[in-house]
Amino acid sequence: MIEPSEIERAALVLKQGGLVAFPTETVYGLGADAGSARAVARLYAAKGRPRFNPLIAHILDLEAARRQAIFVEAAEKLAAQFWPGPLTLVLPRSPKSTVAELACGGLSTVALRAPSHPVARALLRDFGGPIAAPSANRSGHVSATTPQHVRADLGGAVDLVLDGAAAPLGVESTIVAVDVDGVSTLLRPGVILRAQIESVVGALTSRPGEAIAAPGMLASHYAPHARLRLDVAAPAPGEAYLAFGAPAPLNGLTLSERGDLIEAAANLYAHLRALDATGASVIAVAPIPAHGLGEALRDRLARAAAPR
Ligand code: TXA
Ligand code: MG
């Protein structure tokens, strides 16, 4: 349980330009005052994140979001349907936006998300402005779904960690860009499924691998120290194994014994970290189906396996 006084303390740390790690429904975030270039600069440094890779500004609701960006009808509809929740909208920045340019990586757009996690919402309410928050891991490393992961990755670089339970969903928000003409593009698959987005705004365009789309999505990302080998039905001797739809093997763990994608998402990052900690040089991963939440899981695994 997180006490209200602890949230107040965290809001104060943010106001003073400090860094606060907090739980969201997807993964833990590393928060800074999005309106302060100085605080945002500290955030980039703490993560070791390249400054061209922009941050998500977290806001309480649509009303707060409208102050930061231009909402055409498609964006309004998506926000109405999926906020608060695991959807990030990349929208044209409003001239009145209070989000520091540095947080937007020099782009003319801003990424906005209203999280549903009660602790994240309480923090946003107490702080009273947008909070820039990437996942609370070292840049390029496996995302953090527990306070222990946050401390292992960022340690002393964080001023305060709001200690909660494991993040319930386990993979990052879906990112959709909506331009001034209402053209909607899927930049990152996530917990809100492609089909759910398309039921609101029609067919999505997708630009995998194209420059600028979502800078953080291009390079190797979400990566453990071990090398990853994907779509492996039977691991080679000496490899750690991440199973799916089967019980945990002696040399590994299972994402979901019964083949449940939601359970697999919740386990993904913690299991990758745990297998990495065994010192195995290769983690072989079972085939994950591509439908539903499998799209997001396969996306993260492919990036974790990408050459570095
Ligand atoms: O679930 C989540 O989204 C978590 C929690 C903490 O909210 N946050 C998260 O942040 O995953 P991060 O920084 O790890 O990933 C944000 C992604 C990056 O790939 C970044 O390039 C992209 O969003 N992004 C941010 N602003 C953008 C913009 N203006 N245009 C395109 N992509 C943008
Ligand atoms: Mg991240």
Side-chain angles (χ1 to χ4, degrees), residues 19-32 34 40 43-44 46-59 68-70 82-94 97 99-117 119-121 123-124 130-145 149-150 153-154 162 164 167-179 185-192 207-208 210-223 265 268-269 296 299-300 303-304:
L19 304 181
V20 173
F22 61 96
T24 84
E25 68 277 24
T26 56
V27 297
Y28 271 66
L30 179 62
V40 170
L43 178 51
Y44 278 104
K47 273 201 58 137
R49 179 170 175 127
R51 289 186 175 207
F52 59 78
N53 187 7
L55 306 170
I56 298 171
H58 295 68
I59 34 70
Q68 306 299 337
I70 295 162
F82 298 113
W83 281 357
L87 174 70
T88 296
L89 293 174
V90 169
L91 305 174
R93 229 172 109 101
S94 157
S97 173
V99 174
E101 272 180 40
L102 183 57
C104 301
L107 301 173
S108 59
T109 51
V110 59
L112 296 167
R113 167 161 120 79
S116 63
H117 195 288
V119 172
R121 297 190 64 71
L123 183 62
L124 282 163
I131 300 176
S135 49
N137 51 277
R138 261 186 302 105
S139 183
H141 192 221
V142 181
S143 301
T145 54
H149 296 162
V150 176
D153 261 39
L154 299 170
L162 284 174
L169 298 174
V171 297
E172 296 82 355
S173 61
T174 304
I175 306 183
V176 176
V178 182
D179 71 14
T185 305
L186 184 65
L187 299 184
R188 177 171 78 182
V191 176
I192 308 267
R207 298 180 285 192
E210 202 175 284
I212 69 127
M217 300 308 298
L218 298 174
S220 150
H221 223 84
Y222 312 101
L268 178 67
Y269 292 131
D299 169 81
R300 303 306 188 275
R303 290 173 206 287

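Atoms within each ligand, like the ligands themselves, are counted from 1 in listed order.
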Heavy-atom distances under 4.0 Å decide this one: backbone, side chain, both or neither, for Thr109 against ligand 1? both
Should the proximity of Ile175 to ligand 1, defined as any heavy atom under 4.0 Å, be assigned to the side chain, the backbone, both, or neither? side chain
Could you check whether any side-chain heavy atom of Leu30 comes within less than 4.5 Å of a side-chain heavy atom of Val150, counting everything from C-beta outward? no
Atom indices of ligand 1 within 4.0 angstrom of Ser135 heavy atoms, with elements: 8 (N), 9 (C), 10 (O), 12 (P), 14 (O)
Which residues and atoms, counting only protein N, O or S, are under 2.8 Å from the Mg ion (ligand 2)? Ser135 OG
Within the 4.5 Å heavy-atom criterion, are Val27 and His149 side-chain neighbours or not? no
Atoms in ligand 1 flagged as close to Thr26, the criterion being non-hydrogen separation under 4.0 Å: 1 (O), 2 (C), 4 (C), 5 (C)
List every atom of ligand 1 that sits less than 4.0 Å from any heavy atom of Pro134, numbering the atoms from 1 in the order shown and giving each element. 10 (O), 12 (P), 13 (O)
With a 4.5 Å heavy-atom cut-off, do Leu268 and Tyr222 have their side chains touching? no
Numbered in order shown, the ligand 1 atoms found under 4.0 Å of a heavy atom of Leu107 are 28 (C), 29 (N), 30 (N)
Counting only nitrogen or oxygen atoms and a 3.5 angstrom limit, does Arg113 reach ligand 1? yes
Tell me, do Val142 and Asn137 make a side-chain contact under 4.5 Å, heavy atoms counted? no
If we only count heavy atoms from C-beta on, is the Phe22 to His117 side-chain gap below 4.5 Å? no
Within the 4.0 Å heavy-atom shell around Asn53, which atoms of ligand 1 are there? 18 (C), 20 (C), 21 (O)
Going by heavy atoms in the side chains, are Gln68 and Ser97 under 4.5 Å from each other? yes
Not counting sequence neighbours, which residues clear ring-ring contact (aromatic ring centres under 6.0 Å, His included) with His141? List them please. His225
Taking all non-hydrogen atoms of both residues into account, name the closest pair between Pro84 and Pro115 and its distance. CB-O, 3.4 Å
Might you point out which heavy atoms bring Leu91 and Ala69 nearest each other, and give the distance in Å? CB-CB, 3.7 Å
Find all atoms of ligand 1 within a distance of less than 4.0 Å from any non-hydrogen atom belonging to Ala111, and give their numbers and elements. 25 (C), 26 (N), 27 (C)
Which heavy atom of Cys104 sits nearest to which heavy atom of Arg93, and what is that distance? SG-NH1, 3.0 Å
Looking only at side-chain N and O atoms, does Arg113 offer a donor or acceptor that is under 3.5 Å from a partner on Thr26? yes
Answer yes or no: is there a side-chain heavy-atom contact under 4.5 Å between Trp83 and Leu112? yes
Closest to atom 24 (N) of ligand 1 among Ala69, Cys104, Pro54, Ala21 (heavy-atom distance): Pro54
May I ask whether Glu25 places a heavy atom under 4.0 Å from ligand 1? no
Just heavy atoms, cut-off under 4.0 Å: does Arg49 contact ligand 1 by side chain, backbone, both, or neither? side chain
Please determine if Glu172 has a nitrogen or oxygen closer than 3.5 Å to a nitrogen or oxygen of ligand 1. no
Got Glu25 and Ser173 here, is their nearest side-chain heavy-atom distance under 4.5 Å? no
Min heavy-atom dist His221 to ligand 1 below 4.0 Å: no
Give the atom numbers and elements of ligand 1 that come within less than 4.0 Å of a heavy atom of Ile56. 3 (O), 8 (N), 9 (C), 10 (O), 16 (C)
Verify whether one side chain among Glu172 and Ser143 offers a donor that lies under 3.5 Å from an acceptor in the other. yes
Look only at interatomic distance and state if Thr24 has a nitrogen or oxygen under 3.5 Å from any nitrogen or oxygen of ligand 1. no
Quick check on contacts: which atoms of ligand 1 are under 4.0 angstrom from a heavy atom of Ser173? 1 (O), 2 (C), 3 (O)
